[in-house]
Amino acid sequence: MASAPERVAAIIRDAGGTVVGRTRLQKTAYFLDVAGYGDGFDFLYRNYGPFSEEIAESARSGALLGVLNEEVRRADWGGNYSIYTVDMPPDEDIPKGRRELATCAAVGSAIELELAATAVFLFLRGEKNPWKETERRKPLKSSDGRIKKARLLLEKLRKIEVKKPLPEFS
């Protein structure tokens, strides 16, 4: 089995070679896991929804080892964000659904992706109204119609033919 940094690099590769932001990397990996294309990472709930400490650590160590590239930039709001890239050719043996799901997740709005991943995470843990609970947990991010956009993003992700269909709930 590939090392954890190599598995993170493969997620970036399958998302088209570039993933902008830690949130997009985490949520892309989470959706791949839910869809049956897991890379062996465990996810817990954190402030930003489903989160894997191993992915965060593997991205950092992967950059140090040269397995992937991480460019840290300053955001307009003052914080930092990462741009992850890999110089790996596409793997033709990777299922089309994995590539499509990774690409679709990685190019979406980071906030809408976070909201959609949070709702799925909560639903899979028995929450009866995951959208309402997502709004409760993330009131600022849920404003300005973002929940509606997150629902549309999840619907778009659900339409991708994958190994294990993403859950459907309202």
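- Counting heavy atoms from C-beta outward, Phe41 and Leu32 have side chains that stay 4.5 Å or more apart.
- The number of heavy atoms from other shown groups lying within 6.0 Å of CG (Asp42) does not exceed 12.
- Side-chain contact check for Thr103 and Glu100: no donor-acceptor pair (N or O, by modelled atom type) lies under 3.5 Å.
- Salt bridge absent: Glu155 and Arg151 never bring a charged side-chain N and a carboxylate O closer than 4.0 Å.
- Residue pairs meeting the salt bridge (charged side-chain N to carboxylate O under 4.0 Å, His left out) criterion with at least one member in residues 8-37, sequence neighbours excluded: Asp14-Arg98.
- A salt bridge links Glu114 to Lys141: one of the charged nitrogens lies within less than 4.0 Å of a carboxylate oxygen.
- Put simply, OG1 on Thr118 and CZ on Phe123 are 15.0 Å apart, with the number rounded to the nearest 0.5 Å.
- The two residues Leu157 and Cys104 come nearest to each other via the heavy atoms CD2-SG, 3.6 Å.
- Under the 4.5 Å side-chain heavy-atom criterion for grouping Ile, Leu, Val, Met, Phe, Trp and Tyr, Tyr37 is connected to Leu124 within one hydrophobic cluster.
- Relative orientation of the Tyr30 and Phe43 rings is perpendicular, given thresholds of 30° and 60° on the angle between their planes.
- Contact detail for Leu68 and Ser58: the closest heavy-atom pair is CD2-O, 4.5 Å.
- Between Tyr84 and Val20, every side-chain heavy-atom pair lies at or beyond the 4.5 Å cut-off.
- Arg125 forms a cation-pi arrangement with Phe121, by the criterion of a distance under 6.0 Å to the ring centre and an angle within 45° of the ring axis.
- Atom CG of Asn80 is surrounded by more than 12 heavy atoms from other residues, nucleotides or ligands within 6.0 Å.
- Val86 and Ala9 make their closest contact through CG1-O, 3.7 Å (heavy atoms, listed as atom of the first residue, atom of the second, distance).
- To the nearest 0.5 Å, the span separating CD on Glu112 from NZ on Lys149 amounts to 5.5 Å.
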Please walk me through it: do Trp131 and Leu122 pass side-chain contact (heavy atoms from CB on, under 4.5 Å)?
CA-CA 9 Å; Trp131 290 114; Leu122 294 171; over 6 Å; no
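- Checked for salt-bridge contact, Arg60 and Glu53 meet the test: a charged N lies under 4.0 Å from a carboxylate O.
- Interatomic distance, OG of Ser142 versus CZ of Arg136, reported as 11.0 Å (0.5 Å rounding).
- Partners of Arg46 under the side chain to side chain donor-acceptor pair (under 3.5 Å) rule, at least two apart in sequence or in another chain, do not exist in this structure.
- Contact of the Thr18 side chain with the Ile83 side chain is registered, since non-hydrogen atoms from C-beta on lie closer than 4.5 Å.
- Nearest heavy atoms, Ile160 versus Gly97: CG2-O, 3.9 Å.
- The shortest distance between side-chain heavy atoms of Leu153 and Leu113 falls below 4.5 Å.
- By the 4.5 Å heavy-atom criterion applied to side chains, Pro130 and Val120 are not counted as neighbours.
- Atom CD of Glu135 sits about 8.5 Å away from atom CG of Asn129, to the nearest 0.5 Å.
- Looking at Arg99, its side chain never comes within 3.5 Å of a backbone N or O of Ala15 through a donor-acceptor pair.
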CA sep, side-chain torsions, deciding dist, call: Ser82, Glu71, side-chain contact (heavy atoms from CB on, under 4.5 Å):
CA-CA 5 Å; Ser82 295; Glu71 179 184 344; over 6 Å; no
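- Look at Glu54 and Arg7 and you find a salt bridge, because one of the NZ, NE, NH1 or NH2 atoms lies within 4.0 Å of a carboxylate O, short of that distance.
- More than 12 non-hydrogen atoms from other residues, nucleotides or ligands lie less than 6.0 angstrom from OH of Tyr81.
- Within the 3.5 Å criterion, the main-chain N or O of Gly78 finds a donor-acceptor partner in the side chain of Arg74.
- Between Pro167 and Val34, some side-chain heavy-atom pair lies under the 4.5 Å cut-off.
- No continuous path of ILVMFWY side-chain contacts below 4.5 Å connects Ile11 to Val67, so the two sit in separate hydrophobic clusters.
- Annotation: side chain of Phe31 is in contact with side chain of Leu166 (closest heavy-atom distance under 4.5 Å).
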Would you please test Leu115 and Ile147 for side-chain contact (heavy atoms from CB on, under 4.5 Å) and show each step?
CA-CA 7 Å; Leu115 293 171; Ile147 284 286; 4.3 Å; yes
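- In this structure a side-chain-to-backbone donor-acceptor pair under 3.5 Å is missing from Thr28 to Leu25.
- You'll find the side chain of Arg137 reaches within 4.5 Å of the side chain of Tyr45, heavy atoms only.
- Side chain of Lys163 to main chain of Ala35: no donor-acceptor pair is present (N/O by atom type, distance under 3.5 Å, no hydrogens or angles).
- Between the OG atom in Ser52 and the CD atom in Glu57 there is a gap of 10.0 Å [rounded to 0.5 Å].
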